[in-house]
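Below is one structure, written out as structure tokens, with a few remarks after it.
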Protein chains: 4
Amino acid sequence: MRFSILPSATEPIYRQIIEQVRRQVASGQWPAGTELPSIRNVAQEHAINPMTVSKAYSLLEAEGLLERRRGMGMVIAAIRPAGDPDQRLALLEPTLRDAARQAAQLGLGRAEVIALLRRCLDEATED
Amino acid sequence: MRFSILPSATEPIYRQIIEQVRRQVASGQWPAGTELPSIRNVAQEHAINPMTVSKAYSLLEAEGLLERRRGMGMVIAAIRPAGDPDQRLALLEPTLRDAARQAAQLGLGRAEVIALLRRCLDEATED
Amino acid sequence: MRFSILPSATEPIYRQIIEQVRRQVASGQWPAGTELPSIRNVAQEHAINPMTVSKAYSLLEAEGLLERRRGMGMVIAAIRPAGDPDQRLALLEPTLRDAARQAAQLGLGRAEVIALLRRCLDEATED
Amino acid sequence: MRFSILPSATEPIYRQIIEQVRRQVASGQWPAGTELPSIRNVAQEHAINPMTVSKAYSLLEAEGLLERRRGMGMVIAAIRPAGDPDQRLALLEPTLRDAARQAAQLGLGRAEVIALLRRCLDEATED
DNA sequence: GTGGTCTAGACCACT
DNA sequence: GTGGTCTAGACCACG
């Protein structure tokens, strides 16, 4: 129920938050009705400005993924069904498509690329 | 000998150009002496600002990857040897590492992810 | 091509801007490609903070109504077809539906209500 | 004798309650002495916070429209006479004025707007 | 307690 | 020139 935020990353903080919420919802780990940590809490924990968190939450609300419960914080919207596996794969596709394009421009073979992905997957699941 | 540029992508245009030149050189597809398309040409073809192309070329020149030949435009510098396979793989690694992190957060299995990458590689090499 | 902003209204400023852009697009007065006044311009003209204008533009971009031309301001997105009359009426419907509900609770007759609307329409078109 | 409350509307809940009581009184549908539903009942029925209902009732009491009868809950105060038709129309005017302004910005014709209002009035009186 | 709005000002990135 | 991001702090509205 906590965000992992890297202030030094090139990706802006508010977008890091947005992406994490999207993935948590798509993976079914945050079902409809889940209460999000309050803006002030997130801001304090990560020593960032409340406006930055608010911006992320507001955009997610405009997107329909969050609902405001006035005076009571934000919750995951009921509308969204839990993401099925295909939907989750679709979220990953743009990144892999870009990787494939880069591999082609680098003249790399399929086997090499897939072997490298395997290694990265191992690292990522270790954490 | 043409760039593929997506003005709507999140990656800035000048950086798209830089990365493509780097990959073409690393893969040996653009050996030393290869002439680059003129700034004016690139700008017209993709309906982008000539200043943007100029910025990319200038940065590549400062990096030593390009050389300015008066009257001939820019050419790939003689100094840089084509990257060996490991070096080329290293250029791809950050993207795959990010993809693996996303896959983990989405709760996707290794097999699914690798299958999707295979499909993307097929598409990318068709072009 | 200018916004009319009332800082004293109960409706927040950024929302006043959003609603005006939506109506201008729906009515066909701002076709696709129309350049919007720059954030700094709008902010200066109305003596409001650039962030406020930026918030309106960003939300309209997230909505798909605006597109960013990097380094060159915002334009009306090409995707949206000019609103047909039915679409424009649909934008008005929620307000009229609310008015009808109020009239019913007030026990007012149809004729009275419609006569009042006529008077209001006269006033609004005078301006 | 029940309220219609939409927690998702932009209008705050306590204000929705206040406005409805005002209209029922102005229209004479709730004459002096009418008992209002208890705070607990309203809160349960609409799954809202009792404090919210209490706030609405208290404001209406301060306004003189309601009276607190110990053990009987709140009743419509005797003082207020039912509003005459002109007074009731005046309560509706701001909403219609806003609708007319929107219609003008949308470039809609008088006939269309009035026809739509007729349809909305039909719907509203059906309920 | 919750989030919303606005301000003022800084710094960065892109064209 | 353009918009984007973030900070710091004030005040309001809602429950």
Side-chain angles (χ1 to χ4, degrees), chain A residues 5 7 9-17 35-43 46-61 66-75, chain B residues 7 9-17 43 46-56 59, chain C residues 5 7 9-17 35-43 46-61 66-75, chain D residues 7 9-17 39 43 46-56 58-59:
Chain A
I5 292 175
T10 66
E11 193 181 18
I13 296 173
Y14 82 93
R15 200 162 284 278
Q16 291 183 42
I17 295 174
E35 290 178 27
L36 274 85
S38 83
I39 288 180
R40 289 169 171 89
N41 261 6
V42 176
H46 298 90
I48 58 178
N49 191 294
M51 285 278 300
T52 305
V53 187
S54 173
K55 183 175 182 178
Y57 281 14
S58 296
L59 285 169
L60 285 164
E61 190 202 5
L66 294 189
E67 268 174 18
R68 265 194 335 222
R69 295 252 190 271
R70 279 187 297 200
M72 303 172 61
M74 319 277 289
V75 301
Chain B
T10 65
E11 194 180 14
I13 296 172
Y14 82 94
R15 200 167 288 276
Q16 291 182 42
I17 296 174
H46 300 90
I48 60 180
N49 194 317
M51 294 278 292
T52 307
V53 187
S54 172
K55 179 175 181 179
L59 285 168
Chain C
I5 292 175
T10 66
E11 194 180 16
I13 296 172
Y14 82 93
R15 200 163 284 279
Q16 292 182 41
I17 295 175
E35 289 178 29
L36 274 85
S38 84
I39 289 180
R40 288 169 171 91
N41 260 7
V42 176
H46 299 90
I48 58 180
N49 192 296
M51 286 278 301
T52 305
V53 187
S54 174
K55 184 175 182 177
Y57 281 14
S58 295
L59 285 169
L60 285 165
E61 191 203 4
L66 295 190
E67 267 175 19
R68 265 193 337 221
R69 295 254 191 270
R70 278 184 300 197
M72 304 172 60
M74 319 276 290
V75 300
Chain D
T10 65
E11 193 181 15
I13 297 171
Y14 82 95
R15 200 167 287 277
Q16 291 182 43
I17 296 174
I39 288 180
H46 299 91
I48 60 180
N49 194 318
M51 294 278 292
T52 308
V53 188
S54 172
K55 180 175 180 179
S58 297
L59 285 169

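Throughout, protein chains are lettered first and strands after them, A, B, ... in sequence-line order, and every chain is numbered starting at 1.
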Under 4.0 Å, counting only non-hydrogen atoms across every strand here, what does C:R40 touch: a base, just sugar-phosphate, or nothing? base

Do the side-chain N or O atoms of A:T52 get closer than 4.0 angstrom to the phosphate oxygens (OP1, OP2) of F:dT7? yes

Between A:E61 (CD) and E:dT2 (C1'), how many Å, whole number? 13 Å

Nucleotide E:dG3, atom C1' - distance to CD of A:E35 in whole Å: 14 Å

Rounded to the nearest 0.5 Å, the CD1 atom of A:I17 sits from the CG atom of A:L36 at a distance of 10.0 Å

Test item: B:N49 and C:M72 side chains (from C-beta on) under 4.5 Å apart, heavy atoms: no

Students often get this wrong, so: under 4.0 angstrom with heavy atoms, is A:N49 touching a base, only sugar-phosphate, or nothing? base

Of the nucleotides E:dC14, E:dG4, F:dC14, which one has an atom closest to the side chain of D:Y14? F:dC14

Please determine if a side-chain N or O atom of A:R70 lies less than 4.0 Å away from the OP1 or OP2 oxygen of F:dG15. yes

Under a 3.5 Å limit for both distances, which nucleotide forms a Watson-Crick or G-U wobble pair with F:dG1, could you say? E:dC14

Mind checking D:I48 for me? I need base, sugar-phosphate or nothing, with any heavy atom below 4.0 Å counting as a touch. nothing

Base, sugar-phosphate, or nothing: which does B:K55 touch, judged by heavy atoms less than 4.0 Å apart? base

To the nearest 0.5 Å, tell me how far A:E61 CD sits from A:L59 CG. 10.0 Å

At under 4.0 Å, does any side-chain N or O of A:R69 touch on OP1 or OP2 of F:dG15? no

For the pair made of CD in A:E67 and C1' in E:dG3, what is the distance, rounded to whole Å? 15 Å

Starting from the 5' end of DNA chain F, give me the residue, A:I13 or C:M74, whose nearest nucleotide shows up first. C:M74

In whole angstroms, the gap separating C1' of F:dT2 from CD1 of C:I39 amounts to 9 Å

Need to verify one output field. Residue with the more 5' nearest nucleotide on DNA chain E, B:P7 or A:M72? A:M72

Within this structure, what is the CG-to-P distance between C:L36 and F:dG3, rounded to whole angstrom? 9 Å

Can you check the A:R15 CZ to F:dT5 C1' distance for me, whole Å? 11 Å

N/O donor-acceptor pair under 3.5 Å between D:Q16 side chain and D:E11 backbone: yes

d(CD, D:Q16; C1', F:dA13) in whole Å: 15 Å

Whole angstroms only, please: what is the CE-C1' distance between C:M51 and F:dA10? 15 Å

One should read off an interatomic distance between A:M74 CE and A:Y57 OH, to the nearest 0.5 angstrom, of 8.0 Å

Starting at the 5' end of DNA chain F and moving along, which residue's nearest nucleotide shows up first, C:G71 or D:E11? C:G71

Please pick, from E:dG3, F:dT2, F:dC6, the nucleotide with the shortest atom-to-atom distance to any side-chain atom of C:S38. F:dT2

Does the A:R68 side chain pair with the main chain of A:S58, one donor and one acceptor, at a distance under 3.5 Å? no

